[in-house]
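Encoded as structure tokens, the structure appears first; notes follow it.
No experiment lies behind these values; they were computed from the predicted model shown. Order of the sequence lines fixes the chain letters, A, B, ..., with proteins taken first and strands second; residue numbering starts at 1 for each chain. For the numbers below, each heavy atom of this structure counts, side chains included, while hydrogens, waters and symmetry mates do not.
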Number of protein chains: 2
Amino acid sequence: MEPHEPDLTAVPVTAVLAALADDVRLQIVRALAEGGEAACGSFDFGVSKATRSHHLKVLREAGLTRTRAAGTSRLVRLRRDEVDKRYPGLLDAVLTPHPPA
Amino acid sequence: MEPHEPDLTAVPVTAVLAALADDVRLQIVRALAEGGEAACGSFDFGVSKATRSHHLKVLREAGLTRTRAAGTSRLVRLRRDEVDKRYPGLLDAVLTPHPPA
DNA sequence: GGTGTTGTTCGAATGTTGTCGAACAAGGGT
DNA sequence: ACCCTTGTTCGACAACATTCGAACAACACC
């Protein structure tokens with residue numbers, strides 16, 4: 001089956017924002033922004049693997065990540081350049097820590 | 001009753017993103033970014049006034065807009081400076097037109 | 001006071017999303 | 001061949017979102 005990784009220009013803004021508007025997914029994106037490529041299993045944020053797989057699918061279909069198989073694992077990485085090009089400042093604005101003050 | 005216009009620092013990022021992740025609300029925000037202050041009724045995007053009122057409430061409670069009474073109308077305006085300060089680049093990234101190419 | 005305009009709130013219908021366990025698929029190792 | 005690890009997919013369920021019409025509130029104006 002196809003990986004279903006659309007071009008960012010084919011994804012409505014609202015879908016990109018919706019993909020980022022979830023706590024678990026935001027943690028995943030933050031981890032990817034810091035750590036580069038990572039296996040799906042490395043994102044243990046207190047949800048089952050079914051849920052995690054679902055969130056990774058949402059991110060992938062929003063055009064935010066790319067996934068490639070590597071043995072029994074799958075490596076996920078953030079499509080930083082493409083996102084920054086189409087939505088300059090979005091990731092920076094959303095990924096930087098936000099002091100409660 | 002209180003207007004319920006929280007400080008931006010008190011609103012989780014995901015709530016801000018969720019508020020922007022809707023077509024109707026994004027149109028409202030775009031209109032506000034261009035036209036400055038506007039009455040609620042000026043946002044006729046094919047939804048009923050009940051629905052419009054709901055969306056304005058979501059934007060207000062996400063800390064994105066401010067509302068003040070003016071006679072029988074209510075004037076809404078975007079909290080541009082505050083949003084830009086906390087999330088630099090967010091509004092720009094999201095409000096600028098996105099060519100499908 | 002009565003009427004019209006402008007919004008808000010309520011209740012209900014409908015649709016979407018997040019979550020899980022269980023079943024399944026694909027690889028790697030022994 | 002067998003098993004373990006790693007992920008995905010399937011149903012199901014609960015929670016939340018969007019939408020509407022109708023009822024209500026506040027104000028202005030005659």
Rounded to the nearest angstrom, tell me the gap between atom [atom1] in [X] and atom [atom2] in [N].
{"X": "B/His55", "N": "C/dT9", "atom1": "NE2", "atom2": "C1'", "value": "16 Å"}
{"X": "B/Leu59", "N": "D/dT18", "atom1": "CG", "atom2": "P", "value": "10 Å"}
{"X": "B/Arg52", "N": "C/dT8", "atom1": "CZ", "atom2": "P", "value": "9 Å"}
{"X": "A/Asp23", "N": "C/dT19", "atom1": "CG", "atom2": "P", "value": "9 Å"}
{"X": "B/Arg68", "N": "C/dT6", "atom1": "CZ", "atom2": "P", "value": "17 Å"}
{"X": "A/Asp22", "N": "D/dA17", "atom1": "CG", "atom2": "C1'", "value": "15 Å"}
{"X": "A/Leu20", "N": "C/dG18", "atom1": "CG", "atom2": "C1'", "value": "17 Å"}
{"X": "A/Leu56", "N": "D/dT9", "atom1": "CG", "atom2": "C1'", "value": "14 Å"}

- Are A/Val47 and A/Leu32 connected, step by step, through hydrophobic side chains (Ile, Leu, Val, Met, Phe, Trp, Tyr) whose heavy atoms are closer than 4.5 Å?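 Yes, A/Val47 connects to A/Leu32 through the hydrophobic network.
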
- Message: If the condition is side-chain hydrogen bond (donor to acceptor under 3.5 Å, both in side chains), which residues does B/Asp44 pass it with, not counting sequence neighbours?
- Response: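 B/Asp44: no side-chain hydrogen bond (donor to acceptor under 3.5 Å, both in side chains) contacts found.
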
Partner residues of [X] under the side-chain contact (heavy atoms from CB on, under 4.5 Å) criterion, sequence neighbours left out:
{"X": "B/Ser48", "result": "B/Ala50, B/Thr51"}
{"X": "A/Lys49", "result": "A/Arg52"}
{"X": "B/Glu37", "result": "B/Arg68, B/Leu75, B/Arg77"}

- Message: Taking salt bridge (charged side-chain N to carboxylate O under 4.0 Å, His left out) as the definition, give me every residue that meets it alongside B/Arg74, ordered by chain and number, with sequence neighbours left out.
- Response: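 By the salt bridge (charged side-chain N to carboxylate O under 4.0 Å, His left out) rule, B/Arg74 matches no residue at all.
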
- Query: Considering residues at least two apart in sequence or located in another chain, which fulfil the salt bridge (charged side-chain N to carboxylate O under 4.0 Å, His left out) criterion with B/Arg80?
  - Reply: B/Asp84, B/Asp92

- Task: Can you sort out which residues in residues 25-45 of chain A have a heavy atom within less than 4.0 Å of DNA chain C? Ascending by number, please.
- Result: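 The stretch gives A/Arg25 as the residues lying under 4.0 Å from the strand, ordered by number.
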
- Task: Among residues two or more places apart or on two chains, list those pairs meeting salt bridge (charged side-chain N to carboxylate O under 4.0 Å, His left out) that have a residue in residues 9-19 of chain B.
- Result: none

- Message: Taking only side-chain N and O atoms of B/His54, does any of them lie within less than 4.0 angstrom of OP1 or OP2 on C/dC10?
- Response: no

- Short side-chain N/O contact from A/Thr51 to OP1 or OP2 of C/dT19, under 4.0 Å: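 No, outside the criterion.
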
- Query: Within the structure shown, what part of the strands sits under 4.0 Å from B/Val47 by heavy-atom distance: base, sugar-phosphate, or nothing?
  - Reply: sugar-phosphate

- Message: Applying a 4.0 Å non-hydrogen cut-off, can you work out what B/Ser73 is touching in the nucleic acid: base, sugar-phosphate, or nothing?
- Response: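 Here B/Ser73 touches the backbone only, sparing every base.
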
- Within residues 20-71 of chain A or reaching into it, pairs that qualify as ring-ring contact (aromatic ring centres under 6.0 Å, His included) - sequence neighbours excluded: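 Matches after skipping sequence neighbours: none remain.
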
- Query: Quick one: do B/Arg60 and B/Glu5 make a salt bridge, cutoff under 4.0 Å?
  - Reply: no

- Query: If you check the B/Arg74 side chain, which of D/dT8, C/dT6, C/dT8 turns out closest?
  - Reply: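 Of all the options, the side chain of B/Arg74 is nearest to C/dT8.
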
Residues 12-23 of chain B, side-chain donor-acceptor partners within the protein, below 3.5 Å, at least two apart:
| from | atom 1 | to | atom 2 | distance (Å) |
| --- | --- | --- | --- | --- |
| B/Asp22 | OD1 | B/Val24 | N | 2.8 |
| B/Asp22 | OD1 | B/Arg25 | N | 3.1 |

Pairs under 3.5 angstrom, nitrogen or oxygen only, protein versus nucleotides 13-16 of chain D, please.
none

- Message: Working to the nearest 0.5 angstrom, can you tell me the gap between B/Leu59 CG and B/Leu78 CG?
- Response: 8.5 Å

Where do N or O atoms of nucleotides 22-30 of chain C meet protein N or O atoms at under 3.5 Å, pair by pair?
none

